[in-house]
Amino acid sequence: DAGVIQSPRHEVTEMGQEVTLRCKPISGHDYLFWYRQTMMRGLELLIYFNNNVPIDDSGMPEDRFSAKMPNASFSTLKIQPSEPRDSAVYFCASLSLGGELFFGEGSRLTVL
Amino acid sequence: RKEVEQDPGPFNVPEGATVAFNCTYSNSASQSFFWYRQDCRKEPKLLMSVYSSGNEDGRFTAQLNRASQYISLLIRDSKLSDSATYLCVPQGGSQGNLIFGKGTKLSVKP
């Protein structure tokens with residue numbers, strides 16, 4: 001199994017630009033999560049989906065953030081417009097039936 | 001009170017030492033508990049699941065105290081390769097409610 005696949009691995013952009021992060025979960029996993037990690041705040045849960053339906057988006061910081069899951073094998077997290085304080089590592093994870101979270105390698109975002 | 005609290009450390013210990021981390025959680029509905037390990041600049045990976053009062057896996061022992069709402073992780077005979085950040089994750093009332101603590105950093109020195 002290829003595991004959870006995220007892209008891009010690194011992105012550097014300027015303030016005000018749109019950022020789109022992508023995730024392909026492990027096949028057969030019904031839950032998909034988006035987390036953000038910074039030194040100050042640790043690993044924060046942004047949103048999670050069950051069977052492609054957003055269940056809890058209370059962690060999404062602002063309206064500038066949006067996430068979609070159009071099908072079971074693809075999800076996006078979009079930031080528009082981006083700001084320097086959005087700089088972080090964004091992780092996507094999917095949940096096995098046994099309750100284990102499998103993380104992607106993360107997308108490291110730097111907003112200048 | 002924060003949902004999940006951990007001592008950030010760092011814990012600096014010599015090889016062979018025994019070290020213990022605690023984690024407290026606020027959601028009394030939590031039924032399942034997990035410890036994840038995260039190496040520097042890597043993604044978190046599952047270390048242990050804790051479903052009852054506790055369990056043991058080699059040098060690692062996890063214990064759960066529901067009354068006091070804390071879980072602990074004990075590492076015996078620590079190795080250099082144990083150096084990492086250890087993240088506590090209680091699962092809240094729903095399966096998707098997986099809130100991570102900020103983690104405890106462990107550094108094992110020769």
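The chains referred to below are lettered A, B, ... by the order of the sequence lines, with proteins before strands, and numbering in each begins at 1. Because only heavy atoms are used, hydrogens play no part in the values below, and waters and symmetry mates are left out as well, while side chains stay in.
Between B:F100 and A:Y35, the ring centre distance stays below 6.0 Å.
For the set A:Y31, A:F33, A:F103, the entry with the most heavy-atom pairs within less than 4.5 Å of chain B is A:F103. Among the candidates B:L98, B:I99, B:L87, the residue making the largest number of heavy-atom pairs closer than 4.5 Å to chain A is B:L98.
Classification of B:R76 and B:E56 as a salt-bridged pair holds, one side-chain N sitting under 4.0 Å from a carboxylate O. Salt-bridge annotation for B:D39 and B:R41: absent, with no side-chain N of the basic residue lying under 4.0 Å from a carboxylate O of the acidic one.
With a threshold of 4.5 angstrom between heavy atoms, A:R41 approaches chain B through N, CA, C or O but not through any side-chain atom. Of the two parts of A:Q37, only the side chain, counted from C-beta on, holds a non-hydrogen atom closer than 4.5 Å to a non-hydrogen atom of chain B. With a 4.5 Å cut-off on non-hydrogen atoms, A:L101 touches chain B through its backbone and its side chain both. For A:M40, the part lying near chain B is the backbone, with the side chain staying farther off; criterion is any non-hydrogen pair under 4.5 Å. Interface residue A:L45: only side-chain heavy atoms are found under 4.5 Å from chain B.
Between B:W35 and B:F21, the ring-plane angle classifies as tilted under the 30° and 60° cut-offs.
For A:Q6 (side chain) and A:Y90 (main-chain N/O), a donor-acceptor pair under 3.5 Å exists by modelled atom type.
Remark: A:N71 CG is packed, more than 12 non-hydrogen atoms of other residues, nucleotides or ligands lying under 6.0 Å away.
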